[in-house]
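We count ligands from 1, going down the list as the structure has it; atoms in each ligand are counted the same way.
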Amino acid sequence: MSEERPSHVVIQGILPKEAPGIRREFSYWAKDHENNIQVSLFIRALQKFYDIPYTETLSYFQVAGIHGYPGNLKWDGAVAPPHDRDARHYIYCTHNHFNFPTWHRPYMVLFEETLWKLMGEVIEKDLEFHDDADKKLWLEERNKWRLPYWDWALNSAQGKVPDLFVPYSINIRQPVGKGGSQQESENVPNPLARFQVKENGVPIKMGKLPKKYRVDSVPLGDGSYLPWAECSGTSRWGIKPHTQPDEWTEGVNKTEMIAPAINNHEWYFSPDRRKPEDRKKREEAIFKHPVGDLLHRLFKIDNWEDFSSTRVNQAPSDIDWEKWVSLEYVHNNLHGFIGGDGVEGIGHMQNVPSAAFDPIFYMHHCNIDRITAMWQTLHEGVWFENDVLAERELYPFRGPKLDGEIDYFTSNDVRDWTRFGYQYEILELRDGETEVGRKRRINEFIDKSYFSTAQVLLKDEGHLFHDGSDIESFAARNDFEDYIIDVIYDRQVIHLTLLIALSVANRVSKLCSEWRSLHDPFLPRCPGASARVQRGDGQDNLQVTQARRDGLQLLDSLARKRQQHRIGHV
Ligand SMILES: N[C@@H](CC1=CC(=O)C(=O)C=C1)C(=O)O
């Protein structure tokens, strides 16, 4: 690939003509000693990216600025960004739109490819090699590297931010020294902890940049504001409302706030948790689905429109959760959990115009891209219903279109992610594997990696399964069935004795024999309720469709059933 800069930035991915490289899960990738050359290159290249002056098209500041602020910036001489009503600014990123996942796909490729090129400069210009074989190894590791994703829903991680994002300085590997001696690792500032914009090497508040690049604060309408203009560096939960900029201007992280927010997100309520009426809704909100469960539900959606975006399925106004779960909705929540809730703390990730300045944005969005690719593989052949939308330009990203011409990408151009030289491990077709076999393997992985409601309920109560297996071995099995039973009743009737007998295709699950709020798997058993739910084998009070992972349309059938069995006044 030519190192010369063409007149426009052409996005094509890393070595796309070779076998695609593998994007790996961040924590596992970073912890594996074998990858320490890649980690070292990644850290050095990211720092180099930060050091490019903000006036350059391919500076970190401007690449991050594509997503949101500074508004009005025509990145790389592209068509001007459209006006975004929510952000009240001219910004490129598409949200609340069916091309939300496809717009962010070439964006991640641009980030990945830029870092890869910078890694080349790190090897050729910055590092000193004393041994050709060592240099060769670093070059090979560079070519193997792909952008890692942060899987915030993994059972094993429980929402924990990967360690490498936390400290403000870290130790990274150096090339072999003179005479073949292994050098001590080098201690460097950690660019994964925060980004700081600098002028002549000194941090400068983003609101003090020249007009074209200036970042504004976002007024919230009630006199308060999100203080992006006062920041030279990015924060996660570190900005306290009504405190002095001196305390957080350069960027402060309270990383410990993130996992509890992911695991217990009572406070989160879209669309605007600051408005009094929404605050009230929030207090009443019962949306506490464990994040892994949301993934289970996402993968069951069978059409692109419902899957991709909040567009058709606006944020919840009632309890029709099966309608509002979408990739974008889950992603929105995560932005809030990582950035801050605006009450306990403020951070760049929580707000569209500022989010991409925080480097964690790219590992989060790489995960969103992975979920999209997994969904695409499981729902092969399913795509935009409306081809006009699928042919809409994804400004400002340009590269080789399907016919080879260099122009703005459309969603159709980026539908196949492997053309950008990357793949996700779980999606690789193994030798001799059929398409059906691959889907089965992906579904097994989903069952094993993410808690479903059923698993959480059982764990919560410390139950063992009737066959004696515990939660871990249960999760490892691929034959379990995940039931979501949605019974709607009138709250007022609960003082009466209520009998709900649930039978699942003539088999009774332990789950069905107990009363609990199924909308809120963490709620302890409803204490005062005299409701009594009895096990009902074969009784026909309420038949619940058996929902199997391997095909039955869980959400559809539930939506239908709910209509049929809506229990208004029992
Ligand atoms: N504005 C979204 C959250 C959000 C979405 C983004 O895409 C983003 O970049 C930053 C934040 C919400 O309140 O639900």
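- Minimum interatomic distance between Val166 and Ala193 (heavy atoms only, all atoms of both residues): O-CB, 4.1 Å.
- The part of Asn351 lying near ligand 1 is the backbone, judged by heavy-atom distances below 4.0 Å.
- Heavy-atom proximity to atom 10 (C) of ligand 1, evaluated over His364, His104, His335, is greatest for His335.
- When atom types are taken as modelled, the side chain of Asp216 and the backbone of Trp228 share no donor-acceptor pair closer than 3.5 angstrom.
- Contacts of Phe357 classified as ring-ring contact (aromatic ring centres under 6.0 Å, His included), with partners at least two apart in sequence or in another chain: Phe61.
- Nearest-heavy-atom check against atom 5 (C) of ligand 1 across Leu334, Thr310, Asn332 picks out Asn332.
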Can you give each donor-acceptor pair under 3.5 Å made by side-chain atoms of residues 358-373, sequence neighbours left out, with the distance rounded to 0.1 Å?
unit_1, atom_1, unit_2, atom_2, d
Asp358, OD1, Arg236, NE, 3.4
Asp358, OD1, Arg236, NH2, 2.8
Asp358, OD1, Ile360, N, 2.9
Asp358, OD2, Arg236, NE, 2.8
Tyr362, OH, Ala356, O, 2.9
His364, ND1, Trp152, NE1, 2.9
His365, NE2, His331, NE2, 3.2
Asn367, OD1, Arg370, NE, 2.9
Asn367, OD1, Arg370, NH2, 2.9
Asn367, ND2, Trp150, O, 3.1
Asp369, OD1, Arg105, NE, 2.7
Asp369, OD1, Arg105, NH2, 3.4
Asp369, OD2, Tyr422, OH, 2.7
Asp369, OD2, Tyr424, OH, 2.7
Arg370, NH1, Tyr450, OH, 3.3
Arg370, NH2, Asp151, OD2, 3.1
Arg370, NH2, Tyr450, OH, 2.9
Thr372, OG1, Ile368, O, 2.8

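- When each atom of ligand 1 is checked for a heavy atom of Met349 under 4.0 Å away, the hits are 10 (C), 11 (C).
- Per-residue contacts place Ala355 under 4.0 angstrom from the following atoms of ligand 1 (heavy atoms of the residue considered): 9 (O), 10 (C).
- Using cut-offs of 30° and 60° on the angle between ring planes, the pair Trp29 and Phe26 is perpendicular.
- The closest side-chain donor-acceptor pair between Gln47 and Asp51 falls under 3.5 angstrom.
- Atoms of ligand 1 lying under 4.0 Å from at least one heavy atom of His67, given by number and element, are 9 (O).
- Considering backbone and side-chain atoms alike, His95 places an N or O below 3.5 Å from some N or O of ligand 1.
- Of all atoms in ligand 1, listed by their number and element, those nearer than 4.0 Å to a heavy atom of His331 are 5 (C), 6 (C), 7 (O).
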